[in-house]
Amino acid sequence: MNPNPAPLRAQLRCHPATPCGVVLAVSVEVRVHADGLRLRYALRGDTTALRIPEPAAPVPTDGLWRHTCLEAFVAADGEAAYREFNFSPSSEWAAYRFSSERQRDKAAEARDRAQLRPPLAHTTARAFTLTARLTAAALPRSPSALCLGLCAVIEERNGQLSYWALHHPSERPDFHHPDGRALRLAAPLP
């Protein structure tokens with residue numbers, strides 16, 4: 001078995017209920033490693049028309065989704081429980097655990113905080129990239145596969161938000177919907 005398989009690349013689509021006023025291409029590259037996952041989000045277009053959070057201390061922070069934020073929802077194949085990871089261009093991040101759709105498991109969340117590293121972001125006038133690493137210890141345990149929902153909240157300079165995902169299963173943006181976890185991949189080795 002190849003210990004470092006080729007990365008998977010996927011385009012995110014803007015939800016039709018929240019059109020973006022800026023022409024953008026939003027993609028994610030996912031690479032599975034023995035020690036976890038590496039996610040590399042890329043926005044291509046006029047990034048000067050976006051509101052990108054300024055650098056801040058790399059600490060766990062709630063409410064990142066209110067501004068430009070890159071997200072991943074991860075579940076073990078066939079399980080209702082899942083994890084949510086939010087990464088801000090500021091280097092702030094958040095990790096949440098859910099026992100089922102939108103039912104937080106706050107007691108278990110503290111363990112995940114020690115397992116995450118701050119994201120790394122780079123911005124130019126025409127591109128923005130953010131790389132996040134999810135250690136195997138921060139991911140749900142699975143004997144076979146993980147199901148991922150890869151998402152982005154993009155804020156324009158005027159404050160308008162658009163919601164991007166691999167798959168939008170409902171009429172309104174809903175990153176927590178289990179059908180949004182549309183990317184299935186082999187779980188990292190323990």
Flag side-chain contact, heavy atom, 4.5 Å: Thr18 against Pro173:
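Thr18 reaches Pro173 side chain to side chain.
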
Counting C-beta onward and ignoring hydrogens, is there a side-chain heavy-atom pair between Val32 and Leu146 closer than 4.5 Å?
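Counting from C-beta outward, Val32 and Leu146 never come under 4.5 Å.
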
Glu155 and Leu161: side-chain contact (heavy atoms from CB on, under 4.5 Å), yes or no, with the steps?
CA-CA 5 Å; Glu155 184 179 19; Leu161 297 175; 3.5 Å; yes

[atom1] of [X] to [atom2] of [Y]: how many Å apart, nearest 0.5 Å?
X	Y	atom1	atom2	value
Trp93	Glu71	CH2	CD	15.0 Å
Asp174	His168	CG	NE2	11.0 Å
Glu54	His67	CD	NE2	12.5 Å
Leu148	Phe85	CG	CZ	9.0 Å
Leu43	Arg126	CG	CZ	12.0 Å
Glu156	Leu50	CD	CG	7.0 Å

So, for [X] and [Y], which heavy atoms are closest and what is the spacing to 0.1 Å?
X	Y	answer
Thr68	Arg51	OG1-O, 2.8 Å
Cys147	Arg184	SG-CG, 4.3 Å
Leu70	Ala152	CD1-CB, 3.6 Å
Gln160	Pro19	NE2-O, 2.6 Å
Ala187	Ser142	CB-O, 3.7 Å
Arg102	Tyr82	N-OH, 3.0 Å

Are Leu120 and Leu39 linked, directly or through other ILVMFWY residues, by side chains that come within less than 4.5 angstrom of each other?
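Shared cluster, no.
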
Cluster check Phe87, Leu8: I/L/V/M/F/W/Y, side chain < 4.5 angstrom:
yes

State plainly whether the residues Arg38 and Glu29 are in salt-bridge range, i.e. N to O under 4.0 Å.
yes

More than 12 heavy atoms of other residues, nucleotides or ligands under 6.0 Å from CD of Gln11: is that the case?
yes

Donor-acceptor pair, [X] side chain versus [Y] backbone, under 3.5 Å?
X	Y	answer
Ser91	Ala56	yes
Arg83	Leu139	yes
His15	Ser170	yes
Thr48	Asp46	no
His33	Asp35	no

Under the side-chain contact (heavy atoms from CB on, under 4.5 Å) rule, what do Leu12 and Leu166 come out as? Steps first, then yes or no, please.
CA-CA 5 Å; Leu12 301 187; Leu166 286 175; 3.7 Å; yes

Under 3.5 Å, is there a donor on one side chain and an acceptor on the other for His176 and Glu101?
no

Run the side-chain contact (heavy atoms from CB on, under 4.5 Å) test on Thr129 and Thr131 for me, step by step, so that the C-alpha distance in whole Å, both residues' side-chain angles and the decisive distance to 0.1 Å come before the verdict.
CA-CA 7 Å; Thr129 60; Thr131 301; 5.5 Å; no

Parallel, tilted or perpendicular: rings of Tyr96 and Phe98 (30°, 60°)
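Because their plane-to-plane angle lies in the 30° to 60° range, the rings of Phe98 and Tyr96 count as tilted.
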
For Trp164 and Val28, run side-chain contact (heavy atoms from CB on, under 4.5 Å): C-alpha distance rounded to whole Å, both residues' side-chain angles, the deciding distance at 0.1 Å, then the answer.
CA-CA 11 Å; Trp164 300 69; Val28 184; over 6 Å; no

